[in-house]
Amino acid sequence: MFGLNQKGVNGYAKVGVETGVLAASPVKLIVMLYDGAIAACHSAIACMQRKDIEQKGAMLSKAIMIIESGLRLSLDKKAGGEIADSLDALYVYMSSKLASANVRNQPEQVQEVIKLLLDLKGAWEAIDNNKATAQVLNQVKNNQQTIDATQTYAYQAKI
């Protein structure tokens with residue numbers, strides 16, 4: 001009677017992801033793509049260990065799709081210049097490694113890609129944290145200016 005309705009749970013999860021995407025900044029969206037690719041890679045390794053060939057292929061395909069259709073297509077090579085070109089080459093390398101890991105059933109190749117994805121994700125999180133820190137500092141500065149102005153006005157009112 002009170003069993004777990006997987007369809008309902010999946011519906012709630014989908015709404016949560018969609019809400020997160022709608023509310024996310026561009027940097028957060030990139031971090032979410034890294035998270036998705038990393039999760040798919042971890043799932044693929046677990047499938048390799050269980051010898052679940054079909055699901056392994058599905059998870060590696062998902063990771064490749066995120067890398068190719070999400071991360072790689074989001075590169076602005078004109079604005080990003082050399083960095084965007086380097087990322088593009090790295091994404092091509094990762095997709096190739098995952099395809100090879102699928103054919104050869106080699107989890108160590110997937111682990112290599114996970115490490116690269118984690119390193120890149122960390123860099124994007126640092127960018128996001130720096131932006132957040134700058135926003136907080138600007139807010140503190142603006143608040144201090146408001147306090148200073150209020151104190152000045154209050155002092156002048158006493159005179």
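- Annotation: side chain to side chain contact (heavy atoms under 4.5 Å, CB included) contacts of K115 (sequence neighbours excluded): D119.
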Q: Step by step, work out the side chain to side chain contact (heavy atoms under 4.5 Å, CB included) result for M94 and L90.
A: CA-CA 6 Å; M94 285 190 251; L90 189 56; 3.7 Å; yes
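- Partner of C41 under the side-chain contact (heavy atoms from CB on, under 4.5 Å) criterion, chosen from I67, I66, I114: I114.
- The line from CD1 of I30 to CG of L75 is 8.0 Å long, rounded to the nearest 0.5 Å.
- Under the side-chain hydrogen bond (donor to acceptor under 3.5 Å, both in side chains) criterion, S100 pairs with R104, Q109, sequence neighbours left out.
- Atom CG of L118 sits in a crowded spot, with more than 12 heavy atoms from other residues, nucleotides or ligands closer than 6.0 Å.
- Listed by chain and residue number, R72, K77 satisfy the salt bridge (charged side-chain N to carboxylate O under 4.0 Å, His left out) test with D88 (two or more places apart in sequence, or in another chain).
- In terms of heavy-atom proximity, V27 sits nearest to W124 at CG1-O, 3.5 Å.
- I64 is linked by a side chain to side chain contact (heavy atoms under 4.5 Å, CB included) to E68, S95, L98, A99, counting only residues two or more places apart in sequence or in another chain.
- To the nearest 0.5 Å, atoms OG (S74) and CG (L33) are separated by 7.0 Å.
- Within the structure, side chain to side chain donor-acceptor pair (under 3.5 Å) pairs that include any residue of residues 43-56 comprise K56-N102, K56-N105 (at least two apart or interchain).
- For K97, the salt bridge (charged side-chain N to carboxylate O under 4.0 Å, His left out) criterion is met by E112, not counting sequence neighbours.
- Annotation: side chain to side chain contact (heavy atoms under 4.5 Å, CB included) contacts of K121 (sequence neighbours excluded): V31, Y34, D35, I38, E125.
- The shortest distance between side-chain heavy atoms of L87 and L120 falls below 4.5 Å.
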